[in-house]
Participant: 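The structure is given below, and queries will be raised subsequently.
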Amino acid sequence: MGRSCFPRCGFARIIAWLQLVLGILVIVVSISSLFRFYSAGFFVHNEDICRHFYGPKDVYQGFDINDRIAEVLTTIENLHKKLEMNLQQMEKSKTRLEYKNYLEVEVLRPVYSAYTALKQLRLPKIGNGTVKEESLIDTFTTEEIRKYIAPKENRIGKINFYGTEKIYNTIGHACVLMKKELEEYMDYDIGSYCKDDWNLAQKLMVNGCDPLPRRRCLTRASKVYQKPYPINESLWKLPDDRNVRWGNYQCRNFGCLSGKNPKRGYTKCIGCFEMEKEKLKWVTNTSLQVDFLIRDVLAIKPGQIRIGLDYGVGTGTFAARMRELNVTIVSTALNLGAPFNEIIALRGLIPLYATLNQRLPFFDNTMDLIHTTGFLDGWIDLLLMDFIIFDWDRVLRPGGLLWIDRFFCNKKDMEDYTYMFQQLRYKKHKWVIAPKSQHQVYLSAVLEKPPRAI
């Protein structure tokens, strides 16, 4: 019996070893399979898993969603063309206006909006590259903001003439701090009318959300807009009230904005909507030493002042006087309680919709003159003023003039502010300090930027 045990024991040992080897093989195969699934991204829900195992042809064989989208786009585009042709025929035949407006507003624009939105749909490209979203995109949920700030790749796949492969649209970093307001601003129907929300846009700008994103909607205008007056009339005549959207102001016409009206809705530029008074500025002598005349300032650099910037609050009168002397002036303007941008433009002048916290959109050493009055005074923080003055210096050409007009502050602060203006070591052509009240003083000066040869 002892001998017969040896064959049986040997066979059992062989079976045990075989089971052990097979077990190890199963473990190795399992680990290998799991590793393949992990590499394919199965456990992180990677969209490329099907492509990894089957390839793009196996996944989309027989059906291409991009082709289907193209078919739908073609259908909508043809419908859009037919509608436009019908509208044109209705205009020629003078069909009832309400039918035309209905087709345009209720049919044509929604069709175009749907067409534009559908055109944005694209399947992710299947290839070696991956789309990397910027972290700022995930901050917002409104689709128009996400589309706007996402980088736009060049269609030809080459570096463009800007020297970049993508175009990045810009918004100010403060837009993230005003997420709710910005998403409200960008919530609209593509191709339809924009909301009458310029005051929301200005609120965003003033609080540092600048530059604002572009929008793909149609700006609103007055329903009864009239053609502007000829240039020989418009410089010194109040524009037609019908050319302004008055919905967000206390006043509803230019007459209401008279300096005699205590409820006009703004505090700066008292009387600047009264053209007879405006005609006297910078051309007639006053009793104040700080009031310089345009002819005296231009005489400092005869024939050399051609273009410039008026930095302040007003209705464009300084630019109007300069235009009469063949000098082109751009006037900064914000609609702070009154339609300053509109009246400047309707007078035939150039308004620049800009805030104090915005870098001037001019290249270095380009302006002959910078004139500032009425807005930059003793309320402003010294550090902010420092940034503003250095930006003026950047755009002012060598030999250009900085005209500080009626800057005022408390007497005790004048030393700090005069240092701000003097730190750039400009040549003084005029420098006058005069009392404004018991505790405040005026400063007017004309300074010349030095050449700073390198």
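No hydrogens, no waters, no symmetry mates; every other heavy atom, side chains included, goes into these values.
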Participant: Distance under 6.0 Å and angle within 45° of the ring axis: does R406 meet both against Y442?
Facilitator: yes
Participant: Looking only at atom types and distance, does a side-chain atom of R347 sit under 3.5 Å from a main-chain N or O of L235, one as donor and one as acceptor?
Facilitator: yes
Participant: Please determine whether side chain to side chain contact (heavy atoms under 4.5 Å, CB included) holds for the pair H429 and L401, giving the CA-CA distance in whole Å, both sets of side-chain angles, and the decisive distance to 0.1 Å.
Facilitator: CA-CA 9 Å; H429 288 284; L401 299 180; 4.2 Å; yes
Participant: How long is the span from the SG atom in C256 to the CZ atom in F273, to the nearest 0.5 Å?
Facilitator: 10.0 Å
Participant: When you compare the side chains of Y353 and Q202, does any donor N or O come within less than 3.5 Å of an acceptor on the partner?
Facilitator: yes
Participant: Is there a donor-acceptor contact under 3.5 Å from the side chain of D241 to the main chain of F254?
Facilitator: yes
Participant: Strictly below 4.0 Å, N to O, side chains only: are E184 and K180 in salt-bridge contact?
Facilitator: no
Participant: Between P351 and N341, what is the shortest heavy-atom contact and its length?
Facilitator: CB-OD1, 3.5 Å
Participant: Could you give me the CA-CA distance, side-chain angles and deciding distance for Y193 and Y188, then say whether side chain to side chain contact (heavy atoms under 4.5 Å, CB included) is met?
Facilitator: CA-CA 8 Å; Y193 283 113; Y188 59 89; over 6 Å; no
Participant: Rounded at 0.5 Å granularity, tell me how far CE in M275 sits from NZ in K237.
Facilitator: 12.5 Å
Participant: Keeping T366 on the side-chain end and F363 on the backbone end, is there a donor-acceptor pair under 3.5 Å?
Facilitator: yes
Participant: When you look at Q422 and Y419, which way does the side chain to side chain contact (heavy atoms under 4.5 Å, CB included) test go after all the steps?
Facilitator: CA-CA 5 Å; Q422 292 177 343; Y419 169 77; 5.6 Å; no
Participant: Any chance you could measure E181, atom CD, to L204, atom CG, to the nearest 0.5 Å?
Facilitator: 6.5 Å
Participant: Quick check: closest heavy atoms across R252 and W246, and the distance to 0.1 Å?
Facilitator: NH1-O, 3.1 Å
Participant: Can you confirm if the NZ or CZ of R242 lies within 45° of the ring axis of Y225 and under 6.0 Å from the centre of its six-membered ring?
Facilitator: no
Participant: Does R215 come within less than 4.0 Å of E144, counting only side-chain N to carboxylate O?
Facilitator: no
Participant: Under 4.0 Å between a Lys/Arg side-chain N and an Asp/Glu carboxylate O for K158 and E165?
Facilitator: no
Participant: Cation over ring, R220 on W198, under 6.0 Å and within 45°?
Facilitator: no
Participant: Report yes or no: does Y417 contribute a side-chain atom to a donor-acceptor pair with the main-chain N or O of L382 at less than 3.5 Å?
Facilitator: no
Participant: Quick one: is the NZ or CZ of K430 closer than 6.0 Å to the six-membered ring centre of F292, and within 45° of its axis?
Facilitator: yes
Participant: Can you give me the closest heavy-atom contact between P213 and M186, atom names plus distance?
Facilitator: CG-SD, 3.6 Å
Participant: Does R214 use its side chain to pair, donor to acceptor, with the backbone of N169 at less than 3.5 Å?
Facilitator: no
Participant: So if I apply the side chain to side chain contact (heavy atoms under 4.5 Å, CB included) rule between L369 and each of L396, L402, I329, V327, which one comes out positive?
Facilitator: I329
Participant: Between N243 (side chain) and Q226 (backbone), is there a donor-acceptor pair under 3.5 Å?
Facilitator: yes
Participant: Under 4.5 Å between any side-chain heavy atoms of Y311 and I388, yes or no?
Facilitator: yes
Participant: Is the F318 ring parallel, tilted or perpendicular to the W403 ring (thresholds 30°, 60°)?
Facilitator: perpendicular
Participant: Checking side-chain polar atoms at under 3.5 Å, does H371 have a donor or acceptor matched by the opposite partner on D310?
Facilitator: yes
Participant: Would R452 and L424 satisfy side chain to side chain contact (heavy atoms under 4.5 Å, CB included), going step by step from the backbone distance to the final call?
Facilitator: CA-CA 11 Å; R452 296 186 193 145; L424 299 176; 4.1 Å; yes
Participant: Whether the side chain of N357 engages the backbone of V206 through a donor-acceptor N/O pair (distance < 3.5 Å, no angle test) should be reported.
Facilitator: yes
Participant: Which heavy atom of L182 sits nearest a heavy atom of I171, and at what distance?
Facilitator: CD2-CD1, 4.3 Å
Participant: Pairing donors with acceptors under 3.5 angstrom, does anything connect the side chains of K166 and N160?
Facilitator: no
Participant: Is a side-chain donor or acceptor of T372 paired with a backbone partner of I404 at a separation under 3.5 angstrom?
Facilitator: no
Participant: Can you name the nearest heavy-atom pair linking K428 to L447, along with the distance?
Facilitator: CG-CD2, 3.8 Å
Participant: To the nearest 0.5 Å, how far apart are OG1 in T315 and CD in E274?
Facilitator: 10.0 Å
Participant: Can you confirm whether Q289 is buried at CD, in the sense that more than 12 heavy atoms of other residues, nucleotides or ligands lie under 6.0 Å from that atom?
Facilitator: no
Participant: Looking at I307, is its backbone amide N or carbonyl O close enough to the side chain of T328 to form a donor-acceptor pair, meaning the two atoms are under 3.5 Å apart?
Facilitator: no
Participant: Quick one: do the N335 and E342 side chains pair a donor with an acceptor below 3.5 Å?
Facilitator: yes
Participant: Does atom NZ of K203 have more than 12 heavy-atom neighbours, drawn from other residues, nucleotides or ligands, at distances under 6.0 Å?
Facilitator: no
Participant: So, are K195 and D189 salt-bridged, with charged N and O less than 4.0 Å apart?
Facilitator: no
Participant: If you measure from CG on L334 to CG on L352, what distance do you get to the nearest 0.5 Å?
Facilitator: 9.5 Å
Participant: Heavy atoms only: give me the nearest Y249-P339 pair and the separation to one decimal.
Facilitator: OH-CA, 3.5 Å
Participant: If you round to the nearest 0.5 Å, how far is CG of L360 from CG of D391?
Facilitator: 4.5 Å
Participant: Check whether any side-chain N or O of K152 sits under 3.5 Å from a backbone N or O of Y148 as a donor-acceptor pair, and report yes or no.
Facilitator: yes
Participant: Taking the six-membered ring of Y426 as reference, does the NZ or CZ atom of K449 fall below 6.0 Å from its centre and within a 45° cone about the axis?
Facilitator: no
